Amino acid sequence: MHSINEDELQPQESTTQMVRKHRSPFQLSLQRFLKNKLAIAGMVVLTIMICAAIFAPLLTDHDPLEHNLMKVEQSPNSEHILGTDSSGRDNFARLLYGGRISLVIGFSTMLSTLLIGLILGVISGYYGGKIDSIIMRLSDLVLALPFLVLALTIIAIMKKVTIGLFVVIIAIVSWPSLTRIIRGTFLSLKEQEFVLGARAIGASDFRIILRHFLPNAIGPIIVNATLMMATMIIVESGLSFIGMGIPQPTPTWGNMISEAQGLRILRYHPEAWIPPGLAILLTVLSINFIGDGLRDAFDPKSERR
Amino acid sequence: ACNSKDDATGDTATETEKPSEVAETEEDEKAAEEGPKKGGTIVGAMYSAPAGMFNPIFYEDSYEANIIDFVFEGLVSQNESLEFIPSLAEKWETNDDQTEITFFLQEGVKWHDGEEFTADDVVYTYKAMSDPDYESAGGVRANYVQPLLGYDEYQSGETDEFVGVVADGDYKVTFKFAEPNVSPLYYASFPIIPEHIFKDIPVKDIPEAPESLQPNKLIGTGPFKFTDMIEREQYVLSRNDDYWKGAPLLDEIVWKVVAQSVMIGLLEKGEIDFVASPGGIAPADYDIVNDFGNVVIVEQADFGYQLLGFKHNHRTTADVESGALTPDNWVPNKKLSDPKVRQAIAYAVNRVGLVGEGHGEGLLHGRGQPINSPIAQQMWAYDENAVTKYDYDPAKAEAMLDEAGYVDVNGDGFREDPDGNEWVLNMDYPLGNELRERSAPIIQADLEKVGIKVNLRQPSEMSVYVPELTDDNTDWDLYLIGWNLSSTDPDPSGLWATRAGYNFSRWNNPKSEELLQKAVKAPEAFDQKYREEVYAEWQKLFSEDLPALLLYAQNSLWAYNDRIQGIKILPHTMYQDSHEWWVEDAE
Amino acid sequence: MVQTTAIEKKIGDELVVIRDVKKYFPIKGGVLRRTIGQLKAVDGVSFSIRKGETLGIVGESGSGKSTLGRVLIRLLDPTEGQILFNNEDITKLRQRQIRPIRQNMQIVFQDPFASLNAKMSVEQLVEEPLIVQGSISKKERKERVKAMIEKVGLRVDDLQKYPHEFSGGQRQRISIARALILEPKFVICDEPVSALDVSIQAQVLNLMKDLQDDLGLTYLFIAHDLSVVKHISDRVAVMYLGRIAEIAPKKELYENPMHPYTKALLSAIPMIDLNETPQTKREKIKLPGDLPSPANPPSGCAFRTRCPKAFDRCAIDRPELQEIQTDHFVACHLYSEGTI
Amino acid sequence: MNQPVLNVQALKTYFYLEQDLIAKAVDGVSFSVYPGETVAIVGESGSGKSITALSIMQLINKPGRIVEGTIQMNDRNLLELKAKQMTSVRGNQIGMIFQEPMTALNPVFTIGNQLIEMIRKHKKVSKNIAKKKAIELLKIVGIPRPAEIIKEYPHQLSGGMRQRVMIAMAISCEPQLIIADEPTTALDVTIQAQILDLLIEMQKRYNMALLLITHDLGVVYEYTDRVIVMYGGQIVEQAPTKQLLKLTKHPYTQGLLSSLPNLEEDVDRLGTIKGTVPPAYNFPVGCRFSTRCPYAMEKCSQSNPELFQYDIDHYVRCFLYDVGGEAK
Amino acid sequence: MVQFIIRRILLFIPMLFALSIIVFGLAKAAPGDPFSGKILDPDVGMEVYEKQRAELGLDKPIPVQYINWAKKVIRGNFGESITYKGRSVESLIKERFMNTVYLGIFALGITLIVAIPIGIYSARHPYSLMDYGTTTFGFFGLAVPNFFFGLVVIYLFAIKLGWFPAQGTISNNKLTGIAEIKDRLHHMILPGLTLGLASTAGYMRYMRSEVMDVLGSDYIRTAKAKGMSDRNVLYKHTLRNALIPIITLLGMELGPLLGGAVITEQVFNFPGIGTLFIGSVVNRDYPVVMAIVLLLGVAVLVGNLLADIFYSIVDPRIRYD
Ligand SMILES: Nc1ncnc2c1ncn2[C@@H]1O[C@H](COP(=O)(O)OP(=O)(O)OP(=O)(O)O)[C@@H](O)[C@H]1O
Ligand SMILES: Nc1ncnc2c1ncn2[C@@H]1O[C@H](COP(=O)(O)OP(=O)(O)OP(=O)(O)O)[C@@H](O)[C@H]1O
Ligand SMILES: [Mg+2]
Ligand SMILES: [Mg+2]
């Protein structure tokens with residue numbers, strides 16, 4: 001077989017460079033991510049939160065819904081380490097179980113928003129044309145209505161707000177931002193030569209989207225989805241505050257804090273609001289750190305070397 | 001006093017066996033030493049801004065009443081025993097069959113603009129409420145005029161002669177009723193508005209008129225004038241120097257709208273001086289506020305109660321669509337049709353637990369009472385001895401259920417109905433009252449403790465809840481609701497008569513119907529003793545047949561800064577005779 | 001049209017023939033974003049490429065070289081004209097029908113960083129065309145990938161690496177491997193060496209030449225570096241503003257340029273000429289001004305605004321390509337006076 | 001006369017990368033430029049040409065740092081100047097032209113604004129005078145309608161025009177030295193010729209020294225007097241242009257020349273240099289070119305040869321010519 | 001550019017139409033009507049409300065209701081509020097709207113005043129102590145629910161320290177002139193801070209990366225090579241470029257700001273559009289809900305439009321034609 005220009009062959013870099021394993025861009029990103037101390041700290045904290053939520057039954061004997069009317073608004077004591085709430089339910093148990101709901105809400109709103117955003121964004125960004133302008137006008141329209149206002153209006157229309165419904169509503173209201181990001185990423189990828197190259201070898205649209213667009217768009221998508229999850233946890237608590245979140249007695253961090261609306265709780269029962277407040281703060285902070293770490297890890301600027 | 005109506009939100013209620021046991025004594029002494037002073041401003045707090053309609057015949061919310069109470073007066077008011085006492089009317093007399101009542105008015109009463117108050121103003125007020133356009137313009141107080149003679153003809157426009165209330169000279173006015181009336185004073189207690197201001201404004205335009213809405217345009221006879229407002233923030237009442245009972249001592253009363261969440265802080269700091277109905281202070285805050293040292297708390301039973309309703313019957317879909325309330329078409333709710341079951345439920349609910357017996361207990365922290373009768377406990381008609389009390393007794397409840405055949409046959413921990421079928425009671429509750437929202441899961445747990453499976457459903461906004469409650473062609477079994485009662489007359493038929501719209505239980509008991517009618521039937525009913533007896537019988541029936549389990553009546557907790565003197569605490573209000581209020585630190 | 005057929009007659013067994021190909025891009029504007037004009041990126045180009053030869057295309061930036069290349073393999077749809085590939089008219093084929101034909105025509109792009117999907121390993125990159133096109137077994141695929149990667153001067157070890165681990169020249173080798181794995185007959189090289197350093201450029205050019213000999217490839221080689229084009233091409237076409245100004249065998253074109261633009265272009269290139277004497281010193285023809293916008297080209301001959309020899313007729317008539325000498329076509333009125 | 005405009009000695013500019021890697025982008029570069037002279041720096045991408053230029057201007061950004069060396073200009077060591085003093089050297093004594101005409105001008109200010117700003121900074125003249133001067137400069141660099149162009153924004157001009165504006169800017173204060181970092185790489189040949197001719201014309205006109213960075217040996221041949229060839233952050237060969245191209249000494253320079261396709265003669269295969277430029281943070285031990293050098297000897301991979309004088313004006317960094325160190 | 005503006009304005013009309021349909025649809029999809037929540041006064045008969053329903057045309061078919069509504073809206077008449085009897089929706093909104101606008105401007109002002117200098121500083125001194133400090137603050141700002149922040153500042157600054165009023169917009173109506181402005185600002189500080197918290201954090205980070213980008217760009221290098229001073233480079237060349245994208249951001253900020261106001265106003269009992277909105281949603285006061293949603297939608301659209309136009313003016317690269 002014909003072999004070309006032996007003398008032009010690279011003296012392989014591995015001989016001159018330190019021996020490196022071949023890492024895929026994904027592995028490289030992961031490597032960069034793992035070097036980011038804040039992001040790792042975020043991971044650790046988030047993992048603890050998630051574990052605490054998952055293993056709630058092991059961490060407390062109390063039922064978050066079980067009330068004891070003889071022990072209302074108690075200060076911390078040996079039985080109720082964070083005291084009890086205004087219905088005599090154990091705050092610690094509610095904190096743990098509330099974490100489940102809050103995290104699930106954050107996660108599933110993010111997922112469903114991502115799903116809508118991905119589908120519409122891909123269609124819009126890849127095919128362009130009429131369908132693109134329709135989707136974009138639609139997103140303009142949704143964006144024109146302030147997020148909370150729209151969410152509130154829809155929630156008010158619903159007779160009963162369940163977690164599933166809540167998730168769907170938030171997703172319906174918040175898809176445009178992700179859709180636009182995904183569309184933008186796709187549009188810029190569309191101009192890249194490697195996409196033309198893929199078309200030149202006769203790859204189908206499906207293949208181009210799946211093998212060429214998505215892997216390259218995954219960075220911004222993951223980053224934005226992560227940050228969105230943080231936002232959603234805050235949104236949930238805000239809606240709970242207005243009384244339009246997940247209704248009691250289901251515990252969520254949001255409706256735990258919103259019980260602190262009165263100065264009495266604020267002043268005399270810090271154990272009732274500081275833990276859920278901290279839980280939200282830490283979770284959102286961790287997620288933001290992770291998102292930021294992911295952003296750095298996926299940053300194309302650091303990809304060249 | 002105005003009948004405050006806090007629609008969706010504040011349906012609080014209670015009773016109190018010991019009306020106004022207040023820490024008044026100390027203050028009274030001090031006051032006596034120094035004597036009342038003129039001047040000063042006090043600040044009252046309300047939690048929500050009034051919608052802005054300050055015309056008594058059109059207002060709706062209780063925040064508006066906060067202004068109206070100081071600006072307008074009725075012919076009569078009520079004393080601490082809830083008896084009617086003279087106000088704008090000096091005295092009155094009824095004819096023999098109680099179809100007419102004649103008032104002799106105070107002379108020399110001046111409207112805020114200096115005009116004389118006369119019998120024509122009284123006539124005008126009632127005429128306006130009978131106007132054909134009154135209801136469509138948004139008026140909701142027609143019940144005050146409906147029993148008047150000739151109301152239907154006048155209201156439907158058949159005649160423009162209004163004969164229900166007639167003046168005889170400037171200071172004599174007669175109310176004429178179509179039928180003998182057992183509580184004519186109630187109907188005559190409505191605040192009077194000035195004819196000279198409104199006579200040229202068509203009734204349908206009154207709601208938009210500045211005279212109904214704006215400071216300085218609003219003219220009443222009360223001790224304070226409405227002089228200034230920053231919408232949704234502040235409402236300023238200034239002294240009416242020409243007040244007929246004597247010039248008020250205070251310069252100004254300022255109402256501020258503050259969030260409930262910060263109220264106690266402001267109260268402690270002295271930035272607000274008093275907070276009363278609607279709302280008052282939260283039961284859980286009682287101990288804290290009590291410790292402030294500068295604040296006096298007034299605790300007394302509220303006019304109203306919360307209840308756990310049993311749907312005795314459902315309406316048919318056809319009825320719902322046609323809007324007919326036809327008891328004959330009603331479909332009995334089998335799940336709850338056995339009175340034993342209802343009684344068992346009543347024993348199973350720990351109402352004392354809900355109320356609690358002190359701070360840190362129950363939802364009310366002890367600031368209220370479980371009640372057993374649907375008549376306000378302050379009322380003469382209230383008779384606690386006539387009723388079954390249903391003290392918390394789960395064992396008894398279980399025994400009764402067993403007896404009624406509701407036993408757990410399949411061993412799932414819940415009882416099945418006598419036929420062995422699954423027996424699940426649906427329970428619904430509305431949003432809007434935090435305590436009530438919290439009580440729902442607690443009641444559910446109580447019932448499940450005795451083996452009754454309860455399907456507690458998601459709460460909904462009052463505006464969604466009530467239509468479903470009303471339509472009733474649903475699968476509802478248990479529901480929560482609360483009522484505010486009038487302080488004027490104990491007649492419960494507005495809520496519990498079979499055909500009453502608000503009889504959400506669709507309670508259809510002929511005996512009850514008979515008693516309710518008997519209690520207001522002339523001429524026997526002119527005798528209060530007689531009515532007392534009939535109502536006692538009815539209350540007994542109620543507590544046995546149980547269209548609803550009455551849960552508790554919350555105490556109203558009013559609070560004011562101890563710099564204010566001269567406040568007169570009545571069961572239904574503390575705003576009466578505000579011209580006598582004064583502050584120690586006035587210059 | 002007449003000239004085009006003339007070209008065809010001259011040359012047998014053409015692999016690619018294009019006739020009067022045009023590609024206009026719409027210019028949107030106005031209140032309603034209507035198309036208010038057309039950007040004539042390629043404006044009537046005809047030529048043919050024989051099997052095994054290399055046709056070089058030079059021209060300034062924006063003259064439509066890349067667009068032409070993309071239209072040729074139907075990555076863009078031509079506005080007008082006809083494209084014959086292997087005697088088959090592929091102008092009107094739908095994308096679905098084009099796909100199998102893609103096996104025979106490939107493209108190598110300019111930017112070695114943007115033209116490879118950074119998320120795929122070399123093996124995936126080179127294998128992908130086989131997956132898309134073929135029905136060969138996985139084992140055979142791997143074999144062919146290995147063979148190909150060695151052919152372009154990379155090592156089998158490199159297969160597991162990712163593009164970011166390679167230098168520009170090596171990446172370009174990957175691109176070439178990817179383009180050639182389907183054993184196409186025709187490869188469009190869109191400035192494959194412009195982004196590379198000279199030493200690397202030489203490696204890649206040598207490789208491309210070797211591969212051509214080895215596999216009997218036909219190239220359309222786009223570049224703006226005249227010396228590179230000369231080195232690799234058999235014939236060279238000079239483009240100016242979407243049209244071909246001159247097309248000739250390379251020796252003919254470089255020794256005897258006819259079009260004023262070609263002349264200027266050749267004279268403008270800085271060159272090392274160590275034997276230069278004041279006599280042999282090339283005289284520089286300086287072109288004033290910039291390339292006009294293809295959205296608003298000058299009337300008549302597009303080059304007239306910068307042409308040192310322009311005369312009245314250039315503003316009126318558009319010169320067509322005509323064969324002045326055997327195989328040497330020029331589009332310039334200077335050479336058509338006799339025909340008037 | 002023989003006083004150089006610029007004298008760079010032992011300049012080292014390193015980039016301190018993550019993981020303690022140090023990119024020795026410029027590693028001991030010494031050269032001088034004399035008045036009126038055109039000096040070229042050539043070399044492959046990454047050889048340190050731009051960093052050398054930016055070091056002279058002291059425009060190295062983090063994580064880069066000039067670690068050693070002197071840059072003499074008019075008896076002053078620029079590296080010892082205070083930041084403030086340096087601003088009056090930039091633009092005033094040294095003008096600079098960059099590679100990308102598309103991004104080198106601030107997109108939100110008019111051409112005039114950016115020109116006038118510079119004139120006023122160094123000349124302290126009134127706005128009006130500066131404006132007149134700006135128009136004149138634009139006319140000098142061959143921009144048509146200069147009075148209108150000064151009101152336009154960079155994006156309204158073509159690449160060639162913008163590069164002319166950059167030249168106008170660079171010469172506006174008649175500096176003693178102009179550094180042009182690949183001023184024509186992004187332009188078409190016909191435009192490239194225009195620009196290079198203009199540069200030389202300006203150089204003659206104001207008698208400036210020109211340091212022209214390029215990787216096009218053709219440009220070097222036609223436009224420059226002296227060449228510095230860089231490889232791996234170091235100078236590997238330096239000589240008058242004709243001499244260097246004729247009597248090429250360093251294997252790297254030879255390789256570069258042989259890999260150029262030539263218009264004059266046809267070769268079937270181009271000469272090549274195997275491999276690629278090693279990254280600046282990982283140079284081979286010994287001679288930096290040793291890994292690619294066809295003549296590499298054992299000692300090449302052990303120690304790095306010095307740049308020594310091979311001929312009067314001809315310096316080479318290669319053991320092939322280091323006759324036992326005699327040349328020293 | 002004129003064309004661009006005209007085009008944008010023309011695009012506006014179908015958007016408005018769509019918006020109005022959405023708004024109307026939302027209101028109609030809601031169960032219950034303004035009267036259904038009120039039927040709880042035993043003193044008031046139910047039939048009363050039936051009459052009032054008919055009076056308001058709530059018994060008509062929905063398309064008819066839409067047309068009637070739209071016709072009026074075009075004339076700027078949103079009808080009458082149902083909760084606030086006798087008040088036209090316009091007057092209700094007018095009275096509140098300016099409060100929210102002031103609050104929004106104030107919050108935005110705080111945001112910009114705080115975020116821009118800090119962002120610039122961080123960009124110029126990346127990885128410095130100050131940079132880490134502000135970054136941390138930025139993250140916290142994004143992580144604290146703003147109602148929670150509001151409660152805490154009320155507790156600390158209004159109740160505990162007594163520095164600022166906890167509620168309302170003004171002490172009393174008698175203030176005029178400077179005293180009034182001062183008093184209003186005093187009242188606005190806590191809600192303004194609360195409302196601006198998240199966006200301050202966001203802008204800070206945005207500004208930092210934007211300035212860093214610009215500082216690394218070629219034209220900044222050119223400016224330095226021209227011998228421009230650091231000050232000039234920063235304030236002229238860098239800022240202008242870094243602020244341009246902020247303009248679009250500001251246009252986009254309107255929505256979140258107005259949305260955020262809903263919660264913040266609730267905490268501070270601030271009489272703005274937000275509290276009116278929540279009250280109306282809860283009370284099913286359709287005319288008001290519809291008007292507010294429509295108004296906010298239009299405000300956001302106009303905000304975006306203005307931002308686009310402004311952007312096209314300040315950034316000469318953008319030529320919409
Ligand atoms: N997709 C497109 N839409 C609109 N205009 C286009 C498009 N692609 C190219 N053009 C325009 O068509 C003209 C020709 O572009 P083309 O890329 O073919 O030039 P080129 O000769 O390849 O230039 P270069 O040497 O810079 O690659 C240019 O003016 C370009 O702006
Ligand atoms: N900001 C930086 N960070 C890290 N390394 C850098 C940086 N800038 C330059 N370098 C390194 O310095 C070396 C020299 O770069 P320089 O820009 O001077 O090359 P050049 O010769 O100008 O190349 P080109 O022809 O591509 O412009 C390169 O190897 C590069 O890796
Ligand atoms: Mg091209
Ligand atoms: Mg460079």
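The chains referred to below are lettered A, B, ... by the order of the sequence lines, with proteins before strands, and numbering in each begins at 1. All values reported here derive from a predicted model rather than from experimental measurement.
Not one N or O on the side chain of Gln203(C) forms a donor-acceptor pair closer than 3.5 Å with the backbone of Ser259(D). With hydrogens and angles ignored, the 3.5 Å screen pairs no side-chain donor or acceptor of Asn206(C) with any backbone N or O of Arg269(D).
Ala202(C) and Gly271(D) get closest at one heavy-atom pair: CB-O, 3.4 Å. Closest approach of Gln194(D) and Pro288(C) over heavy atoms only: NE2-C, 3.7 Å. Nearest heavy atoms, His215(D) versus Asp197(C): ND1-OD1, 4.4 Å.
In this structure, chain D has no heavy atom under 4.5 Å from any part of Glu255(C). Contact annotation for Leu205(C): only side-chain heavy atoms (C-beta onward) come within less than 4.5 Å of a heavy atom of chain D. Contact of Leu257(D) with chain C is made through the side chain alone, with heavy-atom distances under 4.5 Å.
Note on Ser45(D), Ala193(D), Gly142(D): by heavy-atom pairs under 4.5 Å with chain C, the leading option is Ser45(D). Highest contact tally toward chain D, considering only Gly62(C), Gly289(C), Gly169(C), is held by Gly289(C) [criterion: heavy-atom pairs under 4.5 Å]. Put simply, of Arg306(C), Lys230(C), Lys250(C), Lys286(C), the one with the most heavy-atom pairs under 4.5 Å next to chain D is Lys230(C).
The environment of Lys263(C) atom NZ is dense: over 12 non-hydrogen atoms of other residues, nucleotides or ligands sit within 6.0 angstrom.
Scanning residues 244-256 of chain D against chain C with a 4.5 Å heavy-atom cutoff picks out Leu245(D), Lys246(D), Leu256(D), ordered by number. Of all residues in residues 232-241 of chain D, none places a non-hydrogen atom less than 4.5 angstrom from a non-hydrogen atom of chain C.
Legend: residues meeting side chain to side chain contact (heavy atoms under 4.5 Å, CB included) with Pro112(C), ordered by chain and number and at least two apart, are Arg171(C), Gln172(C), Ala195(C), Leu196(C). Among residues two or more places apart in sequence or in another chain, the ring-ring contact (aromatic ring centres under 6.0 Å, His included) test is passed with Tyr261(C) by Tyr240(C), Phe303(C).
With Asp290(C) as reference, Ile191(D) is the one residue of Thr190(D), Leu157(D), Ile191(D), Leu187(D) to meet the side-chain contact (heavy atoms from CB on, under 4.5 Å) rule.
The structure places CD of Glu60(C) at 11.0 Å from CD of Gln192(D), a figure rounded to the nearest 0.5 Å. Interatomic distance, Ile273(D) CD1 to Ile200(C) CD1, rounded to the nearest 0.5 Å: 8.0 Å. Note that CG of Asp216(D) is 8.0 Å distant from CD1 of Ile272(C), once rounded to the nearest 0.5 Å.
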